[in-house]
Amino acid sequence: MMDYQDWNGGVGQWFVMALLMLLFWGVAIALVMWAVRGSRSSQGQPGVRTGTPTDRPEDVLARRFASGEIDEDEFTRRREVLRSGTTR
């Protein structure tokens, strides 16, 4: 029968065990963070930009109109400014 006194672990085995423990907890924490971030981005929280940096200005304007941020008059006025290429 083997007990504590018969075990000749040595410093090397303790070092490997410590590294494996750090690796295990690092992976566990990374998985939890990945799951939380994934659930947040799929909820479509208000105020969070969901478009891409390559969206055209008219697409952004249409999305703001569709979400109710701007009314029809403001949408029409801004769309005409965008199409004419002039600013105030």
Side-chain angles (χ1 to χ4, degrees):
M1 184 159 95
M2 185 174 168
D3 60 4
Y4 175 74
Q5 295 160 341
D6 292 336
W7 188 66
N8 187 13
V11 175
Q13 289 181 350
W14 280 100
F15 184 71
V16 170
M17 285 178 54
L19 285 177
L20 288 175
M21 183 178 65
L22 288 174
L23 178 67
F24 170 79
W25 285 111
V27 169
I29 290 170
L31 285 173
V32 168
M33 288 175 56
W34 175 71
V36 168
R37 291 181 89 187
S39 68
R40 279 189 191 168
S41 65
S42 65
Q43 291 175 356
Q45 298 172 349
V48 175
R49 179 177 158 83
T50 58
T52 62
T54 58
D55 283 346
R56 296 179 340 173
E58 285 191 32
D59 295 338
V60 174
L61 187 62
R63 188 169 36 251
R64 289 184 64 200
F65 176 62
S67 69
E69 286 183 49
I70 58 175
D71 61 6
E72 184 177 359
D73 294 331
E74 186 174 357
F75 171 74
T76 306
R77 183 177 53 81
R78 289 181 183 223
R79 184 181 60 194
E80 292 305 317
V81 169
L82 286 173
R83 287 184 178 170
S84 69
T86 61
T87 58
R88 292 193 233 184

> Under a 4.5 Å cut-off applied to non-hydrogen side-chain atoms, are Asp71 and Glu74 in contact?
Replying inline: yes
> Do you reckon Met21 sits in the same ILVMFWY cluster as Phe24, going by side-chain contacts under 4.5 Å, direct or chained?
Replying inline: yes
> Are Leu22 and Trp14 joined in one hydrophobic group, where the rule is that I, L, V, M, F, W and Y side chains link up if heavy atoms are under 4.5 Å apart?
Replying inline: no
> If you round to the nearest 0.5 Å, how far is CD of Glu58 from CG of Leu61?
Replying inline: 7.5 Å
